[in-house]
There are 2 protein chains.
Amino acid sequence: MKSASPLLDMDSIEAQILNLHGFKITQPRFAVLSLLKGIVHPISSQEICDSIDNQVANQATIYRIIQSFLEAGIIREVNLRHGHIDYELARDEDDHHHLVCVSCGLVENFEECETEKIIKRVLKQTKKFASIHEHAMELFGICKACTKKNKKTTHR
Amino acid sequence: MKSASPLLDMDSIEAQILNLHGFKITQPRFAVLSLLKGIVHPISSQEICDSIDNQVANQATIYRIIQSFLEAGIIREVNLRHGHIDYELARDEDDHHHLVCVSCGLVENFEECETEKIIKRVLKQTKKFASIHEHAMELFGICKACTKKNKKTTHR
DNA sequence: TTGTAAATGCGAATGATTCGCATTTAGAAA
DNA sequence: TTTCTAAATGCGAATCATTCGCATTTACAA
């Protein structure tokens, strides 16, 4: 599914984010942000390329944008153990993590606050680190659908 | 640093792991396991290739081995936000996680048990998942060395 | 409206990863 | 020990994602 060329609404979230980080508001950047704003789970750079029409943004440009967004902290890398890196918007107001089915790849989000305690303790113990600003947490298991499926197939 | 061709000691940890998973004991597999056994922090597939002499294992073979070890659960993917996927031995007896400096890439391990509580709570809440067997946790911050370095350079 | 640094598009280059197939080999069976 | 065979490997070519260089376009400050 290719996203249609978005009109560059200067009051949109996308434009606000770009302004905030000192980026010029261009169609390619707008398209990448718009796409990431709409997804529920992280996606790969290839999925980003496939989802954005070449008329809207060239692939090389998309890769450059991903790189610069990463450095600016607008997006972050996520590891769902799918064999590649996925990306998601780094909304700093939320503290969500991922629950991944190692059998079918299903992803579910969950909220988590407990980690504050862990971070404090780790900071107390470490001799090399001064501060911690971000954390990632992924849980890997089997979803109910796959559990049911495997029961039928266990007699191999 | 290329690892010397290891003699295939049938009583070694490497051989035990291979036997356990029904893999034939070959020099390439032995070399990959031996390398991963010796590292403190996760490394990329390219680092694995660079560290193993071509006489000991061909690159294509190394990639095939990484793939099969992943599927067997002998190794796991780790995301240190270095732009690529790293790998480490999946010793199931340990529960270690990674503390990463986003400025210089320094990695430190830390032990963690608190997560059991979190997992129980998440399992209670989820409607889609039946079980959780593994978890990953990475903390991202700034190491003391970089903090000191940045203080000197902040006046740009 | 204009000027300019920044951003983009394009095509080529690169480099990691995969594939097909011929050859070798680990380990089971005789 | 020797034999046999599926499994594993090596090699070179092919593929595919990602990057690069450079000419052109464009956002936006003045």
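Chain A is the first sequence line, chain B the second, and so forth, proteins listed ahead of strands; every chain is numbered from 1.
Residue A:Leu18 contributes atom CG, which lies 11 Å from atom P of C:dA7 at whole-angstrom precision. Atom CD1 of B:Ile62 is separated from atom C1' of D:dC11 by 14 Å (rounded to the nearest Å). Atom pair A:Gln67:CD and C:dT8:P shows a separation of 14 Å (rounding to whole Å applied). Rounded to whole Å, the distance from CD1 on B:Ile52 to P on D:dG10 is 11 Å. If you measure from atom CG of A:Asn54 to atom C1' of D:dA17, you get 15 Å, rounded to the nearest angstrom. Note: CD1 (A:Ile66) to C1' (D:dA17) measures 11 Å, nearest angstrom. If you measure from atom NE2 of A:His84 to atom P of D:dC16, you get 17 Å, rounded to the nearest angstrom. A:Phe30 has its CZ atom 18 Å from the C1' atom of C:dT8, to the nearest Å.
Not counting sequence neighbours, A:Glu77 has no partner by the salt bridge (Lys or Arg N to Asp or Glu O under 4.0 Å) test. Residues meeting the salt bridge (Lys or Arg N to Asp or Glu O under 4.0 Å) test with A:Glu14, sequence neighbours left out: A:Lys37. Under the rule for a ring pair (Phe, Tyr, Trp, His ring centres under 6.0 Å), the partners of A:Phe23 that lie at least two apart in sequence or sit in another chain are A:Phe69. In this structure B:Glu138 satisfies the salt bridge (Lys or Arg N to Asp or Glu O under 4.0 Å) test with no other residue, sequence neighbours excluded.
Side-chain heavy-atom separations under 4.5 angstrom define the hydrophobic clusters, and the remaining members of the one that includes A:Met137 are A:Leu99, A:Leu106, A:Phe110, A:Ile118, A:Ile119, A:Val122, A:Leu123, A:Phe129, A:Ile132, A:Leu139, B:Leu99, B:Leu106, B:Phe110, B:Ile118, B:Ile119, B:Val122, B:Leu123, B:Phe129, B:Ile132, B:Met137, B:Leu139.
Closest to the side chain of A:Ala60, from the set C:dC19, C:dA7, D:dC20, is D:dC20.
Remark: A:Asn58 is not in phosphate contact with C:dT8, judged by side-chain N or O atoms under 4.0 Å from OP1 or OP2. Taking side-chain N and O atoms only, A:Arg64 has no distance below 4.0 Å to OP1 or OP2 of D:dT19.
Across all strands, B:Gln46 comes closer than 4.0 Å only to sugar-phosphate atoms, never to a base (heavy-atom distances).
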Between the protein and nucleotides 26-30 of chain D, which nitrogen or oxygen pairs come in under 3.5 angstrom?
residue : atom : partner : partner atom : Å
D:dC28  : OP1  : A:Ile25 : N            : 2.8

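If you find the closest nucleotide of DNA chain C to A:Gln59 and to B:Gln59, the one lying nearer the 5' end belongs to A:Gln59.
Stacking of B:Arg81 on the aromatic ring of B:Phe140 is recorded, both the 6.0 Å distance cut-off and the 45° axial limit being met.
Comment: A:Lys127 does not engage B:Glu108 in a salt bridge, judged by the lack of any side-chain N to carboxylate O separation of less than 4.0 angstrom.
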